[in-house]
Q: 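Quick one: structure below, then a few questions.
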Amino acid sequence: MIAAIPVESASENAAISMRFARSGFFCILNRATGDMQFVENEFASSKQGAGKGVFNWLTGELGVTQFMGHELGMKLQHLATEKKVQLIILPTNLTALSGLFGLMKLQRISYL
Amino acid sequence: MSLDKILDALVCVLNKCSIYLCRNKFDMPRPRLATVVQKPPRIKGFTPVGFYGDATKSIVMNIEEYEAIRLLDYEHLSQLKAAECMNVSRPTLTRIYERARLKIATALTEVLPVIIEGGTALFSEQWITCLKCEGVFNNPTKAEINGCVICGHSDLTTMGGEQ
């Protein structure tokens, strides 16, 4: 199961972005192995269609099956429902990626 | 390790702690909790008939404000029942409803288009909340859920209610 988390920078301590499709980077996390990679969001500054573009990019090229974020827009929710992609609204007190990893009890983040 | 180095490290840690506390407690307001919307609007907004005014001016109504108007004025639900449907408290629903009515009144009086967009709404009846971590998730594949998909805790509750 591969999850996409919107973040503001490419580091394990990055702040989780409040916006999904317009975030600067995505953390692509393989929840089975704990492996992760950071990818730059090429739709962050697009004038329109960012939600749809990000959805197709993440689910098509990167094989994402879970979207995690603080806010997920209406169009993204409709697309996710159609394509059976799971949506996860993160707790509002969770501001950093390292906190999320701690909550998930990922083995590789053993120093947390 | 010399005393200077220990003091430097201590100052560095204290600085990081103060930055973290300031950012979380003072600089950022608490994000709004997501409300549950049973039926999303079928259109993006309304334009007055014979509208020749400034097209750049418009009233932006959130999805949850639209839902409050729909539940209270169209479905004639009580405020308590509507609040349960939207997964908010009754006073919060009243505030959302008052904002929505003010926007409609402004649009009618000042002859402005109404755009329905934005807000923190969830469109589904299958949202589940974890009582431990307060994470919210849906279940698009209708598979059996044994625990929270974030923390794995088994204390879960379903958000909102069907009308």
Side-chain angles (χ1 to χ4, degrees), chain A residues 1-6 8 13-22 29 31-32 48 50-51 55 59 64-107 112, chain B residues 16 19-25 27-37 39-44 62-64 66-67 87 115-143 145 147-153 159-160:
Chain A
M1 193 166 279
I2 299 172
I5 308 152
E8 292 180 358
N13 292 315
I16 297 171
S17 180
M18 288 305 294
R19 304 175 75 187
F20 191 86
R22 302 277 181 187
L29 176 71
R31 297 191 63 181
Q48 57 185 1
F55 180 87
T59 55
V64 171
T65 53
Q66 282 185 335
F67 286 177
M68 293 186 177
H70 287 302
E71 287 183 19
L72 301 169
M74 184 171 64
K75 288 173 194 168
L76 200 72
Q77 286 184 39
H78 279 305
L79 287 168
T81 309
E82 281 176 13
K83 304 278 182 182
K84 310 277 186 198
V85 173
Q86 189 170 37
L87 301 173
I88 301 169
I89 312 292
L90 297 173
T92 50
N93 57 358
L94 202 62
T95 54
L97 203 55
S98 52
L100 176 63
F101 291 157
L103 202 61
M104 288 176 173
K105 303 180 186 75
L106 285 181
Q107 293 297 318
L112 284 173
Chain B
K16 280 187 178 173
I19 288 167
Y20 180 79
L21 287 172
C22 286
R23 185 176 152 210
N24 284 291
K25 290 194 172 175
D27 287 356
M28 289 177 67
R30 177 180 65 79
R32 283 188 182 170
L33 298 176
T35 56
V36 174
V37 173
K39 287 181 186 173
R42 287 178 289 176
I43 49 154
K44 290 182 178 178
N62 291 338
I63 305 287
E64 50 259 44
Y66 162 84
E67 181 73 353
N87 201 50
I115 308 294
I116 304 172
E117 66 176 17
T120 51
L122 304 175
F123 300 98
S124 176
E125 290 163 6
Q126 289 289 324
W127 291 96
I128 299 152
T129 308
C130 172
L131 296 177
K132 189 187 176 197
C133 73
E134 296 176 358
V136 181
F137 56 94
N138 68 352
N139 183 18
T141 56
K142 315 286 183 201
I145 296 171
C148 172
V149 294
I150 305 172
C151 66
H153 205 257
M159 273 176 82

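Just so it is clear, the model here is predicted, and its values are computed rather than measured.
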Q: Answer with side chain, backbone, both or neither: which region of A/Leu100 has an atom nearer than 4.5 Å to a non-hydrogen atom of chain B?
A: side chain
Q: Is the number of heavy atoms from other residues, nucleotides or ligands under 6.0 Å of A/Arg22 CZ greater than 12?
A: yes
Q: Taking A/Gln86 for its side chain and B/Pro140 for its backbone only, find out whether a donor-acceptor pair lies under 3.5 Å.
A: no
Q: Between OG1 of A/Thr81 and CG of B/Asn138, what distance do you get to the nearest 0.5 Å?
A: 6.5 Å
Q: Specify which of A/Leu90, A/Leu94, A/Val85 makes the most heavy-atom pairs with chain B at under 4.5 Å.
A: A/Val85
Q: Can you name the residues that form a side-chain hydrogen bond (donor to acceptor under 3.5 Å, both in side chains) with B/Glu134, not counting sequence neighbours?
A: none
Q: Among residues at least two apart in sequence or on other chains, which ones pass side chain to side chain contact (heavy atoms under 4.5 Å, CB included) with B/Ile145?
A: B/Ile128, B/Phe137, B/Asn139, B/Leu156
Q: So, for A/Pro91 and B/Gly135, which heavy atoms are closest and what is the spacing to 0.1 Å?
A: CG-N, 3.8 Å
Q: Does any non-hydrogen side-chain atom of B/Ile150 lie less than 4.5 Å from one of A/Ile88?
A: yes
Q: Could you grab the distance from atom SG of B/Cys151 to atom NZ of A/Lys105, nearest 0.5 Å is fine?
A: 5.5 Å
